[in-house]
Amino acid sequence: MPTHDPPPGNGPEDEEEDYMNMVIAEPTRPRKKETYTQRRLRKEREAEARGRVKSKAEQAADEAAAREAALSRSLFRDPATTSTNKGLAMMAKMGFKPGVALGSKDNPGARTEPIAISMKEDRGGIGLDSEKKRKFREEVEKEGKRVKAEEGEYRERLRKDTEKVRLEGQVGAAMRVAERLDAEMEEVSAEKLGAENGSTKRKISTMPLKHINVLWRGLVRKREEKERDRRMRYDLQQSLSRLPSYDDADEDRDDRKALGKDHIQHTLVEDLHEEDPELDEFNALDPADRLEKLVRYLREEYNYCFWCKYTYPDKEMEGCPGLNEEEHD
């Protein structure tokens, strides 16, 4: 009888192939045969590459890469270097073993590797870096001190300027008080002599400046100069708006006054344009000294305390704290 093959089993050799995980290799292309012209051009390019001289930057980069590679490689871990290095051979004869520290074995913190080499890339000396750091630190400290000094000087200058402006204001106020008290004293003296009573409104003095007390002479001079400038501006405006020779008989008094045809009653002092050395010397004094002279004058002549703003009945000025502003705080 004919025999039949056994049915296929379920063994691992009979399992179906996994086509999902199958790796299909790329077909290899047959290498093209290089022609004579292609081979000649390739050899020319290779010869040109071998014969090209590298630039200084490329040479420096290659040297740096080779140096870093050599320094990063330990002599103890390179068997070829260990067998050919004469220094290591001499140390090995004296009992040295790679990976073991030199000297006593009781020193656990001893080095097992040589000190790393630090390459200098400039032409400076060994102590140049520390010297540069020292100079840089000194420059920073010097600049910091200069900034602090300038800040302190600025604040001190600002304080002095503010104090000077304040004192100048007090000097002006003391001048006005001295002028007012002096004018009141002159009015009282005129009344005692039987002179006519003038207007209660204070008039601008026409007395020569040199006859006025130097303590408030500067105040009067500034006022006269201001009035002179005002008169000049006014006359200029009037001369541009009308002819000085024009005169209308029908104009009444108010119209003439409005047009500026009436004479102005104020008369400037005679010696306004003259030099005054005494006044210049007084103005050259420090504001504090000028203020002190004015305060003393008011106390001695009129029993008036500039700081208390009060006129005392007698020379003792009982109740006044003192001569200085600090004593009245």
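None of these values were measured; they are calculated from a predicted model.
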Participant: Between K315 (side chain) and N303 (backbone), is there a donor-acceptor pair under 3.5 Å?
Facilitator: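 Not a single qualifying donor-acceptor pair exists.
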Participant: Restricting to non-hydrogen atoms, name the atom on K210 and the atom on E274 that form the minimum distance, rounded to 0.1 Å.
Facilitator: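 So the minimum-distance heavy-atom pair works out to NZ-OE1, 3.8 Å.
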Participant: Pick out which of Y310, Y312, Y304 makes a side chain to side chain contact (heavy atoms under 4.5 Å, CB included) with M317.
Facilitator: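 Of the listed options, the one satisfying the test is Y312.
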Participant: What distance do E138 atom CD and R134 atom CZ have between them, rounded to the nearest 0.5 Å?
Facilitator: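 Those atoms lie 4.5 Å apart.
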Participant: Distance check, rounded to the nearest 0.5 Å: D62 atom CG versus R67 atom CZ?
Facilitator: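 Interatomic distance, D62 CG to R67 CZ, rounded to 0.5 Å: 11.5 Å.
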Participant: With rounding to the nearest 0.5 Å, note down the distance linking CD in E163 to CG in L167.
Facilitator: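 Answer for the CD-CG pair, E163 versus L167, is 4.5 Å.
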Participant: Is a salt bridge present between E224 and R228, judged by a nitrogen-to-oxygen distance below 4.0 Å?
Facilitator: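 Here E224 does not pair with R228 in a salt bridge, since their nearest N and O are not under 4.0 Å apart.
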Participant: Taking all atoms of both residues into account, what is the closest heavy-atom pair of H328 and G322, and its distance?
Facilitator: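 Where H328 meets G322 most closely, the heavy atoms are CE1-O, 2.7 Å.
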Participant: Between R231 and E227, is there a side-chain N and carboxylate O pair less than 4.0 Å apart?
Facilitator: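 No, no charged N to carboxylate O under 4.0 Å.
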Participant: How about V177 and W216: do any of their side-chain heavy atoms sit closer than 4.5 Å?
Facilitator: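 Contact flag for V177/W216 side chains = no.
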Participant: Considering all heavy atoms of both residues, which atom of K293 and which atom of L215 are nearest to each other, and what is their separation?
Facilitator: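 Looks like CB-CD2, 4.1 Å.
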Participant: How far apart are the closest heavy atoms of L291 and A174, and which atoms are they?
Facilitator: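 What the structure gives for the nearest pair is CD1-CB, 4.2 Å.
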Participant: Run the salt-bridge test on R176 and E179 with the 4.0 Å N-O cut-off and return the result as yes or no.
Facilitator: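 Between E179 and R176 there is no salt bridge, as every charged N stays at least 4.0 Å from the carboxylate O atoms.
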Participant: About how many Å separate CD of E156 and CG of D161, when rounded to the nearest 0.5 Å?
Facilitator: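 The distance works out to 10.0 Å.
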Participant: If you measure from CG on N213 to CG on L219, what distance do you get to the nearest 0.5 Å?
Facilitator: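 Between N213 CG and L219 CG, I get 12.0 Å after rounding to 0.5 Å.
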Participant: Between K33 and Q38, which heavy-atom pair has the shortest distance, and what is it?
Facilitator: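 Result for this residue pair: O-OE1, 4.4 Å.
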Participant: Do the side chains of E44 and R40 get close enough for a salt bridge, i.e. N-O under 4.0 angstrom?
Facilitator: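 Yes, charged N to carboxylate O under 4.0 Å.
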Participant: Do E48 and R52 meet the salt-bridge criterion of a basic N to acidic O distance under 4.0 Å?
Facilitator: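 Looking at E48 together with R52, the answer is no, because their closest N to O distance does not fall below 4.0 Å.
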Participant: Counting N and O atoms only, with roles assigned by atom type, does the side chain of W307 sit under 3.5 Å from a partner on the main chain of L323, one being a donor and the other an acceptor?
Facilitator: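 Looks like yes, one N/O pair under 3.5 Å.
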Participant: For the pair R146 and E150, find out whether any cationic side-chain nitrogen is under 4.0 Å from an anionic carboxylate oxygen.
Facilitator: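 Result for this pair is yes, salt bridge flagged.
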Participant: Do I212 and L209 make a side-chain contact, defined as non-hydrogen atoms from C-beta onward lying under 4.5 Å apart?
Facilitator: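 Yes, at least one pair of side-chain atoms sits under 4.5 Å.
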Participant: How would you list, by chain and number, every residue that makes a side-chain contact (heavy atoms from CB on, under 4.5 Å) with E46, sequence neighbours excluded?
Facilitator: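 R42, R50.
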Participant: So for atom CD, which belongs to E327, do other residues, nucleotides or ligands contribute more than 12 heavy atoms lying within a distance under 6.0 Å?
Facilitator: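 Counting neighbours around CD of E327, more than 12 heavy atoms of other residues, nucleotides or ligands fall under 6.0 Å, so yes.
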Participant: Heavy-atom count around K309 NZ within 6.0 Å, excluding the residue itself: above 12?
Facilitator: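 Check passes, neighbour count above 12.
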Participant: With a 4.5 Å cut-off on side-chain heavy atoms, are R39 and Y36 touching?
Facilitator: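 Contact flag for Y36/R39 side chains = yes.
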Participant: CZ/F136 to CD/E141 distance, rounded to the nearest 0.5 angstrom?
Facilitator: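 Those atoms lie 11.0 Å apart.
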Participant: Are V171 and M175 packed together at the side-chain level, in the sense that at least one heavy-atom pair is separated by less than 4.5 angstrom?
Facilitator: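 Heavy-atom side-chain distance check passes, below 4.5 Å.
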Participant: What orientation do Y297 and Y302 show, parallel under 30°, tilted 30 to 60°, or perpendicular over 60°?
Facilitator: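 Judged by the thresholds at 30° and 60°, the geometry between Y297 and Y302 is perpendicular.
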Participant: Indicate yes or no for a side-chain donor-acceptor contact from N324 to the backbone of E326 under 3.5 Å, with no hydrogens or angles considered.
Facilitator: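 Checked: no pair found.
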Participant: Does atom CD (E281) have a neighbourhood of more than 12 heavy atoms from anything else shown, all under 6.0 Å?
Facilitator: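 Count not over threshold, so no.
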Participant: Please determine whether the number of non-hydrogen atoms from other residues, nucleotides or ligands lying under 6.0 Å from atom CZ of R155 exceeds 12.
Facilitator: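 Incorrect, the count does not exceed 12.
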